[in-house]
Amino acid sequence: MTKSFKRYTVTAALPYANGPKHIGHLAGAYIPSDVYVRYLRLTGQDVIFVCGSDEHGTAIPNQALKENTTPRAIIDKYDDLIRTCFEHLGMSFDIYHRTSEPIHHQTSQEIFLSLYNKGLLTEESSEQYFDPEANVFLADRYIVGTCPKCGHTNAYGDQCEKCGSTLSPRELINPRSTLSGKSPVLKLTKHWYLPLENYEPWLREWILKSHQEDWKPNVYGQCKSWIEAGLQPRAMTRDLDWGIKVPLKEAEGKVLYVWFDAPIGYISATRALFEEVHSGQLKFATPRRDLGKASKDDWKKYWQGSDTRLIHFIGKDNIVFHCIIFPVMLHATGEYIVPDNVPANEFMNLEGDKMSTSRGWSIEMHEYLADFPDKPDVLRYALLTNLPEAKDSEFTWKDFQAKNNNELVAILGNFINRAVVLTQKYFENKVPLQKNLQAVDKKALEELSQYPAKIAASIETFRFREATANLMDLARVGNKYLAETEPWKLAKTDLNRVGTILNIALQIAASLSVVCEPFLPFTARKLKDMLGVGELPWEQAGQPDLLRAGSALYDAPLLFEKIEDAVIEAQIKKLLDTKRTMELASQPAAPAKTEISFDDFSKLDVRIGTILKAERVDKSKKLLKLQVDTGLDVRTVMSGIAEHFSPDQVEGKQVTILVNLAPRKIMGVESQGMILMATDKDGSLKLISPGEQVSPGSVIS
RNA sequence: GGCGCGGUAGCUCAGGUGGUUAGAGCGUUGGAUUCAUAACCCAAAGGUCGGGGGUUCAACUCCCCCCCGCGCUACCA
């Protein structure tokens, strides 16, 4: 931490190009990283800021199927959408690249080969599901079946969207291929693994020991949890036809695992940045400062120089990849540096519920921009003041309105407007002279001089909320100064004095135009234009003489405008409407299973039984141990319903039971049968009882 | 169940290595003011710092137990 660095490489999580991105993503990674980088640039640091679209992985072809198009069309569409939104929100990347670019394929393959040639990857063959009809291995996402956790009949092989559980394809009951609809078969396939466990001592030393102090508790804690749980080999390749080819002859039809190639995208983007600057042909690069005579190899300084400080900005869902897997990859090559900090944020909720594009409960970037095209800074501010830095936070439209009306308009906009209007009124819109200073003036200037350092200290320690609050406090200093000096009263008697006061007020405004740039870049631009100041470095902020007496002020439009209640109400209504639409659209009844014969059916012995006794199972959250009168006998059945029913809710109830299911031991107890349940749309379980009381053992047919 | 992160004013959140009357913004109430987008400025009310033990001269801050929320993970035939 005390180490001194010559340059910075700052990355923001590569957004996955399978759909639009919402304001939670902005709050997690993009806004903080942009503030950080803009600040570094103002202080003259050598920094590059890289990002780009993550365009591989199984979800892309999956989304293509959903939209009835090609993977290429999907990534082009969402790359364009996300790229445009970022631009309109003021994200100041030096390059926004794409992982589908050839240079990224090359970089990823080089790093894979570097690990392979050093003998650091292990090869392992395992049985994976294969669709003999389509003649391909099935990615997790292409296998559907019954969720073993909630019984949802259309769960994906990696996740059940009904109950949210993470799954592996082998766990699915009655797996089916989504390509052919047939049952897949298990087939042997070889993959390359990175044995993370070999790096445990290094990870302990690097993270647990040397970053205990400077990494955020939420990040450090999660790393610790992973390391102590025991690391395992992680597959670096997949059987898939969408992605980066594994550069080995024996790996026909295999690609690099998307989580192997995605973070390498940062490196590829950096390479592309310097290649484009070097060649003078900018395609993805938008360098924000003069990179001088860039050479093609300059990227190496930013990824291999031990005097480079690497910072990854991500959301909490990415911690394990950015703190464990990717660093191990980089470290193992022996050539790359590892991150000095990973200031991951938690999640931002929305109006009391988790944000989710698929559930329609979100504010998508492009929708916000469509509805508030001239207000990117208002969103930046509302998010900045409520970033989930230490814990999940919450965005509400009402809060958004309050932040705009009570702070941006009433404090910051109002102060600027007061200073400028008074200057127009008494001094023909020219900066008046600063004459003899009184105590109140000195106090204001003294306070002014403190703020830039205060704000800087907060930014440097990744406390962006605090930094933003300090920014607004500086505007408060200005308002207070005007309230104390009351220049509108003195104007009748002492215009010299008024001039001094307004000069100081305008100096505060000038400093504001500098220090607000990282947070509110569009506002900073307007304010600088208004005051006629150019681009000033951070170190000049806080000085009492940024504006020269006699210099003219320019047009002074209002920086912010009030947002009326009706606008906010409309947004809330829109949110609720979208959610309802999505619920209806995304929840058709599960499709019918494949046909069976009557003989198949008659193999099942389903009956009505009565639950005589139910008890919780020690050390289990989901299991109830039931004694069921089946008419034939009284038997023990273990049932995963404890999260839906308490024991006394089910005791005495008649239920449907599959009695001829092979017994199996669960949590050390033999379970003899299975209670059948209906799973409702919301994932809740319902008992299936006869319409009227029947004798235990009644056969269902 | 295990591991991790949280539980601080009505709301959203701050509170390195324990130390005088626990903070900010918003909201509420009162005052002052009119240059300003009825904005600004001042002041007040409001908290058993999740609960209970313990260490200490002293704990929101350290230790133990419990409760609640979130995440990962295991049991679900």
Side-chain angles (χ1 to χ4, degrees), chain A residues 146-151 163 165-166 171 173 213-214 216-229 316-317 319-320 346-347 349 354 385-396 398-399 402-403 405-411 413-426 458 461 463 465-466 468-470 472-473 475-476 478-491 498 501-502 505 558-562 617-624 637-643 658 661-669 671-677 685:
Chain A
T146 302
C147 173
K149 316 212 172 190
C150 72
C163 67
S165 336
T166 308
E171 294 177 80
I173 303 161
E213 299 303 321
D214 59 328
K216 294 170 57 170
N218 57 329
V219 176
Y220 183 87
Q222 255 201 62
C223 292
K224 193 173 169 193
S225 183
W226 272 85
I227 293 170
E228 310 229 308
K316 72 172 165 186
D317 50 330
I319 289 175
V320 61
E346 302 284 298
F347 285 157
N349 294 319
K354 217 168 284 183
T385 51
N386 205 11
L387 292 176
E389 289 177 340
K391 56 184 174 190
D392 288 357
S393 69
E394 172 141 334
F395 180 96
T396 65
K398 205 167 149 276
D399 183 63
K403 290 278 160 59
N405 291 358
N406 302 335
E407 298 183 28
L408 290 174
V409 173
I411 313 275
N414 187 33
F415 167 63
I416 300 299
N417 188 236
R418 296 171 83 184
V420 170
V421 165
L422 288 166
T423 305
Q424 284 171 351
K425 202 160 177 175
Y426 302 122
S458 298
T461 48
R463 298 148 77 113
R465 298 168 62 123
E466 184 178 84
T468 310
N470 281 330
M472 194 52 66
D473 281 343
R476 287 191 167 93
N479 277 319
K480 184 167 180 172
Y481 176 67
L482 289 180
E484 281 173 351
T485 53
E486 299 183 307
W488 50 90
K489 280 188 180 166
L490 294 171
V498 174
I501 292 166
L502 291 182
L558 294 174
L559 291 176
F560 304 99
E561 58 184 16
K562 282 204 153 197
V617 176
D618 228 19
K619 298 186 178 180
S620 170
K621 216 155 52 177
K622 300 189 179 177
L623 284 176
L624 285 187
V637 178
M638 301 292 275
S639 186
I641 58 174
E643 289 179 314
L658 178 60
L661 185 65
R664 175 164 160 177
K665 265 198 173 183
I666 297 167
M667 296 289 286
V669 178
S671 178
Q672 305 159 307
M674 175 175 172
I675 306 295
L676 304 184
M677 294 278 164
L685 298 181

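Within every chain, numbering begins at 1; the chains are lettered A, B, ... in the order of the sequence lines, protein sequences first and strands thereafter.
Nucleic acid contact for A:Thr396: none, since no nucleic acid atom lies under 4.0 Å from a heavy atom of the residue. When heavy atoms are screened at a 4.0 angstrom cut-off, A:Phe560 is found touching base atoms of the nucleic acid. Residue contacts shown for A:Ala491 are absent, as no nucleic acid heavy atom lies under 4.0 Å away. Among the atoms of the strands shown, only primed sugar atoms or phosphate atoms (P, OP1, OP2) are found under 4.0 Å from some heavy atom of A:Ala390. Among the atoms of the strands shown, base atoms are found under 4.0 Å from some heavy atom of A:Leu422. Within 4.0 Å of A:Ala469, counting heavy atoms only, lies no atom of the nucleic acid at all. Base engagement by A:Leu559 is indicated by at least one non-hydrogen atom pair under 4.0 Å involving a base atom. The residue A:Met638 sits close only to the backbone: its heavy atoms come under 4.0 Å of sugar-phosphate atoms, none of a base. Residue contacts for A:Glu407: at a heavy-atom cut-off of 4.0 Å it reaches the sugar-phosphate backbone alone, with no base atom in range. Using a 4.0 Å heavy-atom criterion, one finds that A:Val409 contacts the bases of the nucleic acid, with or without backbone contacts as well. Residue contacts for A:Ser639: at a heavy-atom cut-off of 4.0 Å it reaches the sugar-phosphate backbone alone, with no base atom in range. Nucleic acid contact for A:Leu661: sugar-phosphate only, since backbone atoms but no base atoms lie under 4.0 Å from a heavy atom of the residue.
Side-chain N/O atoms of A:Lys391 include one lying less than 4.0 angstrom from OP1 or OP2 on B:A14. Between A:Lys562 and B:A38, a side-chain N or O to OP1/OP2 separation shorter than 4.0 Å is absent. Look at A:Asn406 and you won't find any side-chain N or O under 4.0 angstrom from OP1 or OP2 of B:A39. Listed pair A:Arg418 / B:U34 fails the phosphate criterion, with no side-chain N or O lying under 4.0 Å from OP1 or OP2. The side chain of A:Lys403 places no N or O atom within less than 4.0 Å of a non-bridging phosphate oxygen (OP1 or OP2) of B:C26.
To the nearest whole angstrom, the two P atoms, one in B:A44 and one in B:G51, are 27 Å apart. Taking atom P on both nucleotides, B:A22 is separated from B:U12 by 23 Å, rounded to a whole Å. B:A39 and B:G18: their C1' atoms are spaced 43 Å apart (whole Å). As rounded to the nearest Å, B:U29 and B:C68 have C1' atoms that lie 34 Å from one another. Going from the C1' atom of B:A59 to that of B:A43 covers 32 Å, rounded to whole Å. Separating the C1' atom of B:G53 from that of B:G10 is a span of 31 Å, rounded to the nearest Å. B:C72 and B:A38 are spaced 48 Å apart, taking the P atom of each and rounding to whole Å. Going from the P atom of B:C62 to that of B:U8 covers 16 Å, rounded to whole Å.
Salt bridge A:Glu346/A:Lys316: present, at least one basic N to carboxylate O contact under 4.0 Å. Classification of A:Lys354 and A:Asp392 as a salt-bridged pair fails, no side-chain N sitting under 4.0 Å from a carboxylate O.
In terms of heavy atoms, A:Ile666 sits closest to A:Ser671 at CD1-CB, 4.0 Å. When all heavy atoms of A:Val637 and A:Gly673 are compared, the closest pair comes out as CG1-O, 3.4 Å. Nearest heavy atom pair, residue A:Asn386 against residue A:Ser393, reads O-OG, 2.8 Å.
Checking B:C35, B:A77, B:C26 against every side-chain atom of A:Trp488, the shortest atom distance belongs to B:C35. Checking B:C3, B:A77, B:C72 against every side-chain atom of A:Ser225, the shortest atom distance belongs to B:C3. Side chain of A:Asn386, nearest nucleotide from B:A77, B:A36, B:C13: B:C13. For A:Ser671, counting side-chain heavy atoms from C-beta on, the closest listed nucleotide (B:A77, B:C35, B:C42) is B:A77. For A:Glu466, counting side-chain heavy atoms from C-beta on, the closest listed nucleotide (B:A14, B:U12, B:A77) is B:A14.
The interatomic distance linking A:Gln222 (CD) with B:C3 (P) rounds to 16 Å, in whole Å. Distance A:Glu389 CD to B:C70 P: 22 Å, rounded to the nearest Å. Atom-to-atom, CG of A:Asp392 to P of B:U12 comes out at 13 Å; the value is rounded to the nearest Å. Here the P atom of nucleotide B:U34 and the CZ atom of A:Phe415 are 19 Å apart, to the nearest Å. When the P atom of B:A36 is taken as reference, atom CG of A:Leu502 falls 13 Å away, rounded to whole Å. Nucleotide B:G69 holds its P atom 13 Å from the NZ atom of A:Lys354, rounded to whole Å. The distance from atom CG of A:Asn479 to atom C1' of B:U37 is 13 Å, rounded to the nearest whole Å. If you take NZ of A:Lys489 and C1' of B:A36, they are 15 Å apart, rounded to a whole angstrom.
Put simply, the side chain of A:Glu407 does not reach to within 4.5 Å of the side chain of A:Phe560, judged on heavy atoms. The closest side-chain heavy-atom distance from A:Leu408 to A:Leu559 is not below 4.5 Å. Contact of the A:Asn218 side chain with the A:Gln222 side chain is not registered, since no non-hydrogen atoms from C-beta on lie closer than 4.5 Å. With a 4.5 Å cut-off on side-chain heavy atoms, A:Arg418 and A:Asn414 count as touching. Looking only at side-chain heavy atoms (C-beta outward), A:Ile501 and A:Leu482 come within less than 4.5 Å of each other. Side-chain contact check for A:Asp473 versus A:Arg476: some heavy-atom pair is nearer than 4.5 Å.
In terms of position along RNA chain B, the nucleotide closest to A:Leu387 lies nearer the 5' end than the nucleotide closest to the other residue of the pair A:Asn405 and A:Leu387.
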When Watson-Crick pairs (N1 to N3 and N6-O4 or O6-N4) and G-U wobble pairs (N1-O2 and O6-N3) count only below 3.5 Å on both distances, what is the dot-bracket string of RNA chain B, with | for other-strand pairs? (((((((..((((.....[...)))).((((.........)))).....(((((..]....))))))))))))....
